[in-house]
Amino acid sequence: MEYNFQSIERDAKKKWKENDVYKVSNNSDKPKFYILDMFPYPSGAGLHVGHPLGYIASDIYARYKRMKGFNVLHPMGFDAFGLPAEQYAIETGQHPVDTTDKNIKRYHEQLDNIGFCYDWSREVRTSDKKYYKWTQWIFLQLFNSFLDRKLQKAVPISTLIDTFEKEGNIHHPCPGDASIHFDAFVWKTFTEKEQQDILMNYRLAFCGFGEVNWCEALGTVLANDEVVNGVSERGGHPVVKKKLRQWYLRITEYADRLLQGLETVDFSEAMKEMQRNWIGKSVGAQIMFKVHNSPYSFEVFTTRPDTIFGVDFMVLAPEHELVTEITTAEQQAKVQEYITFVKSRSERERMQEKKISGCFTGAYAIHPFSGKEIPVWISEYVLAGYGTGAIMAVPCGDERDHKFAQHFNIPITNIIGEKYNGEEAYAEKDFTLVNSDFINGLAPKEAGTKVIDKMLDEKIGEAKVNFKMRDAAFSRQRYWGEPFPIKWVNGIAYPLSEHELPLELPHVDKYGPGPDGEGPLANIEEWVNIPDLTSDNIKKDSAIPDLTPNPSPLERGTNDSQTSGYINSSVEEWRSTIQFAKQNRKEPTTEEDKIWQALRNRNVDGFKFRRQHPIAGFIPDFVCLEKKLIVEIDGGYHNDHEQIKFDKAREEWLAEQGFSMLRFTNEEVNQDLNTIIDRIAKELSLKITEPINHNELNQTFHEELAGAGTPLPGRGAGGEVKRETNTMPGYAGSSWYFLRYMDPNNEHTFADRAATDYWNQVDIYIGGTEHAVGHLLYSRMWTKALYDLGHIGFDEPFKKLVNQGMIQGQSYYIGTLGLNPIPQNDTIISYSSFTQTTDGPIIGKTGNITLNGTDRSINSYYNSRLKYGYMFVDSKNRLTKSKFIEQLKFGDNKEENIETIIANTNWESNRTESGEEFIYCGSEVEKMSKSKYNVVNPDDIIAQYGADTFRMYEMFLGPLDVSKPWDTKGIEGVHRFLRKFWRMYNDEQKGWVVSDEAPTEAELKILHKTIKKIEQDTERFSFNTAVSQFMIAANELNDVNCHKRAILEPLVQLITPYAPHIAEELWQQLGNQGSVVAAAFPQWDEKHTTENSKLYPVAVNGKTRTELEFALDASQADIEQIVLNNEIVQKWLEGKAPKKIIFVKGKMINVVI
RNA sequence: GCCCAGAUGGCGGAAUUGGUAGACGCGCUAGACUCAAAAUCUUGUAUUCGCAAGGAUGUGCAGGUUCGAUUCCUGUUCUGGGCACCA
């Protein structure tokens, strides 16, 4: 009986389906195992041979684990939202719902064709409203939480509101804008809009503003790689940076935990390294530099505070807000020109640029210690988004700074000493500082600490940890994605309540962008405006009444009747202010009381002082309103770093309003009260009196301090209720899908806690390295947030990650070059690209390639990029298979060029007698994609060779984790092996040949050696060597002509994970009941696999000269004796005595002369 | 430019912990079976010198450590992946 794979595979699939063998239960006595693939994006091109590589690997492992007695969860689904479907819709008018559906159907068939053991009842689709309901729900969890930095965990935002009401944000610095400082009292004076804006700066999912690549002509936002040289890839329209309202995930708040979490997971070191670098934690200092002759100052972040005395210039990012403020008149034009140039460039281009560019602003910064004036430049190599968007440049210690200084002839200060050669920067840290004032003679490390200490003393800087990672942009101005469950009223974002979910994506007919850079959803008026929702059920921002006619509470004893009012806010807020002040007044500190008695009794210079009297949002210790003088006593509480910042912010604001401030410490008050009073008197006499407008004060206070955060748009201004028109990006759905598989049909929660507790972490996650930073970081963050909020019981989603390489396509090019096919630089080759199939080439596209020799020589172009050669096609443009180029010897002489190769062929005319034409060809290995016409469809392979062959061949191609080009040719070998395997059971002439004879020791040895190897290789994902071992076993068993059941039956079980269909058929033929997929994995017996002797390689001076067999338990002395007496060894010894003999038991023997 | 990875016969690759480089397969070579082809089986196949025995060279390139390096270290070239709106 022949190996008829078609009927065998059809029958096996039917049987599995009928018996529902892959159904997985959430209840089992067996230990659980969760093995997951990265789910595919169902593209229109269908599944290509690259997709299944990882899927086959995980399928083999899943089946293996199942046979080893585990309850295995091995699901599959579809990442169905995304840009390509929308792009396709724009081009063809077909709705993404329909195309996605169609594509998924196709993927389904293709996946089933390969014979995977998925439990399809658990399938998820991210574009299904039953699924994205929970994507939206999780988004709301993030929206309603913030990361408590002390606890290092996500906490509901309501607890933050409680805290703000008690103590302000003094212990919770604002992650979105570190300049926001307020205490409880101030918080209460904020309007709802102001409060919400501040809360937005804390939320884990938040709305802000971000720059995007905006193409006016296309009316859309473009991805970085859609922008080439400042114009759109499609159409070549100009692209500019535009600020748009965007949603973000505050992943930066998780930076430290994402780093720490890497220690607990089993990812490859390379993968961890990539994530670490992406997060980019660097420890250094933030330093304030004042601008000379200007009220401005700016902060820089540096990892090398020790090099502070080597600063020769400063560089601001061209987008830095201070640039326009500090640029001098004469530099104005040049700076503008440079900024315009930078605006046209993508971030990628800016980073890639080797050419140095920049522009002097004309301004100088003051060195904080030496007072030296340092020129301030702008340059594109400083990015606005990293650190503070400004750097201090130390040319002698940093390569980029050095090049910049050289390019612009900026004098370089040497603080490194002899190790700096003047030619290039010295970035190492093994030197002693010179020319560095108080850190001279120190090593960089101590110097850094000393500098930071000194900066802290002088309040001009602090130690700082900086992260390269930025918050993740989480909105797209697109249609085909999850709508945000948010409604806007008066510029405040309100979450939908849970019962309003899912917020369904409305059906559209047009996919074009909306007005002002908004997404297509903005075009649907009836969806954007929510007519059935009145503003009543949303707490509206209260209008701000002009209240507080109460000029002076009695107990203050004032008579400033000219003041119209104090607080421009709600009565409620004003009352709480008074309450707060009153409370303060009741409990003066000893020092406060001392001053108060002095001021009150002496009535200094006839001016009245008030104690704990509110000014706008602040309650100073003492204030003289007539002279706008504030006196503060700093208690111990003011040593807190956050408090210092807060005080500073307060002082600055008050200064702008004309208030001056005197600060005294408790000690000063206790030591010398008279001097203090004198100083106050002096200050009062110096000041000019101006009337205070409390109303105005109050307003500026609210505008400047509350508004200091992200200016949020007035969406829904005027009280209408508007929907958010952005949609979520592709990675939203994929950030949590692994949880949904655990309980895919639950309508009450994203996944039942019992289910997530049972399945827990994904034990093995298989996917490509291209997701190293994006998807993996996002899903890790979502998992951590869900864990923090108590929804799941683990905070890392993937216990072990296995990387899979990419299977690339071969793109072939053919071109007719006539009789002199030697391309020179600038030669234009007309070509066609085609896919090589077994029926011959299918021409994809035609075009011209210009060989451009400016960057690399034409020869290296041959050798590296394209593999040129020749081939023959017949008159119908079919390849004549046997003469294809691959045989060409190209490697032995790298100098050999195409000319020699052609000269060596016996080709004489353009077309041979048989009608074959000599043509020129090349091939390139690149990603498989529809647009490159290099997609190989697994269905075609399976139709010809069967799924088992396909599975084993993909595994046989090479190690799972390396990328390799697809090549259909080698598949014959694997197919041959399966036929050979089949014939061990079913002889073509004799039929069924399996006997019940007892096996010989040699046969048992083959079997057990194979079991051991297969198990070990499977465990370490070395599937290519496992397939080899199957081949070796089949060859060896054939050599001994073995057809014994005792050997062949376990072999069927052994091959089941790899080739389940043929195994199922043979399992039946062997007379077994039930399916082989539920059978046990065979065990090997050590007694059949251990050797008792070893054929040792014997080397002289490291070169192997002969082989000698010794028992494994032979003594070293005996072995040395025999080795030295060996004829061949004697010959190489040439009569000399050996210096030593190295003997490694079970490995080798080396005689050293 | 920055981060990560890789480079071994004509080709895909093997060598699991520093110990016989090239397992297994493709392709090719010669042969058996056949009218013939396919299929199957057998033989050889890193390069090079040699009739052979045997020797020399050889894991991108240049060095280093070691009795011994594809494996570890330094430098370098090329290729692939990522670089924040492809998923």
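Given the structure is predicted, the values throughout are model-derived calculations rather than measurements. Proteins get letters first, then strands, A, B, ... in listed order; numbering begins at 1 in each.
- Nearest heavy atom pair, residue A:Trp982 against residue A:Tyr3, reads NE1-N, 3.2 Å.
- Within 4.0 Å (heavy atoms only), A:Lys468 reaches at least one base atom of the nucleic acid.
- For B:A23, neither phosphate oxygen OP1 nor OP2 lies less than 4.0 angstrom from any side-chain nitrogen or oxygen of A:Asn1035.
- Going from the C1' atom of B:A30 to that of B:G19 covers 37 Å, rounded to whole Å.
- In this structure, B:C35 forms no base pair with any nucleotide, since neither Watson-Crick nor G-U wobble geometry is met with both distances under 3.5 Å.
- A donor and an acceptor atom never sit less than 3.5 Å apart when one is taken from the side chain of A:Glu770 and the other from the base of B:C86.
- When the P atom of B:U66 is taken as reference, atom CD1 of A:Ile1142 falls 13 Å away, rounded to whole Å.
- For A:Asn1024 and B:G12, the shortest distance from a side-chain N or O to OP1 or OP2 is not below 4.0 Å.
- Among the heavy atoms of the strands lying under 4.0 Å from A:His771 is at least one base atom, whether or not backbone atoms are also near.
- Base engagement by A:Gln246 is indicated by at least one non-hydrogen atom pair under 4.0 Å involving a base atom.
- Aromatic ring centroids of A:Tyr945 and A:His975 lie under 6.0 Å apart.
- Looking at heavy-atom distances under 4.0 Å, A:Pro40 makes no contact with the nucleic acid at all.
- Backbone-only contact: A:Arg979 has heavy atoms under 4.0 Å from sugar-phosphate atoms and none from a base.
- One C1' atom belongs to B:G27, the other to B:C11, and the distance between them is 7 Å to the nearest Å.
- If you check every strand for non-hydrogen atoms under 4.0 Å, A:Phe956 touches a base.
- Phosphate contact (OP1/OP2 of B:C26, side-chain N/O of A:Arg976, threshold under 4.0 Å): present.
- The base-pairing partner of B:C83, taking Watson-Crick or G-U wobble contacts with both distances under 3.5 Å, is B:G1.
- Side chain of A:Asn1126 to backbone of A:Ile1128: a donor-acceptor contact under 3.5 angstrom is found.
- Using a 4.0 Å heavy-atom cutoff across all strands shown, A:Val221 reaches at least one base atom of the nucleic acid.
- Salt bridge absent: A:Lys1140 and A:Glu1120 never bring a charged side-chain N and a carboxylate O closer than 4.0 Å.
- Contacts of A:Leu1095 with the nucleic acid, taken as non-hydrogen atoms under 4.0 Å apart, include base atoms.
- Side-chain atoms of A:Lys1013 and base atoms of B:U16 include a donor and an acceptor less than 3.5 Å apart.
- Using a 4.0 Å heavy-atom criterion, one finds that A:Glu1107 contacts the bases of the nucleic acid, with or without backbone contacts as well.
- OP1 or OP2 of B:C85 sits under 4.0 Å from a side-chain N or O of A:Arg476.
- Among the protein residues, A:Lys980 comes within range of the sugar-phosphate backbone only, with heavy atoms under 4.0 Å from sugar or phosphate atoms but none that close to a base.
- Defined by atom type and a distance below 3.5 Å, a donor-acceptor pair is missing between the side-chain atoms of A:Ser779 and A:Tyr737.
- Nucleotides B:G22 and B:A32 have their C1' atoms positioned 29 Å apart, rounded to a whole Å.
- Pair assignment for B:U71: none, as no Watson-Crick or G-U wobble contacts are both less than 3.5 Å.
- Comparing the C1' positions of B:G60 and B:U71 gives a spacing of 16 Å, expressed to the nearest Å.
- With a 3.5 Å ceiling on both atom-pair distances, the Watson-Crick or G-U wobble partner of B:A7 is B:U77.
- A:Lys403 comes within 4.0 angstrom of nothing in the nucleic acid, heavy atoms only.
- Comparing the P positions of B:G18 and B:G54 gives a spacing of 33 Å, expressed to the nearest Å.
- Across all strands shown, B:C28 forms a Watson-Crick or G-U wobble pair with B:G44, both key distances being under 3.5 Å.
- Side chains of A:Asn726 and A:Gln477: a donor on one and an acceptor on the other come within 3.5 Å.
- Going from the P atom of B:A5 to that of B:U40 covers 43 Å, rounded to whole Å.
- Taking every heavy atom of both residues into account, A:Asn1150 and A:Ala1099 meet most closely at OD1-O, 3.3 Å.
- With both ends at atom P, the span from B:U20 to B:U59 equals 15 Å, rounded to whole Å.
- Ring-centre distance between A:Phe1030 and A:Phe981: not below the 6.0 Å cut-off.
- Base contact: A:Asn1150 has a heavy atom under 4.0 Å from a base atom.
- Using a 4.0 Å heavy-atom distance criterion, A:Arg276 is classed as making no nucleic acid contact.
- If you take atom P in B:G10 and the same atom in B:U74, they sit 31 Å apart, rounded to whole Å.
- Residue contacts for A:Trp1132: at a heavy-atom cut-off of 4.0 Å it reaches the sugar-phosphate backbone alone, with no base atom in range.
- Taking 90° from 0 as the syn/anti boundary, the base of B:G9 is oriented syn.
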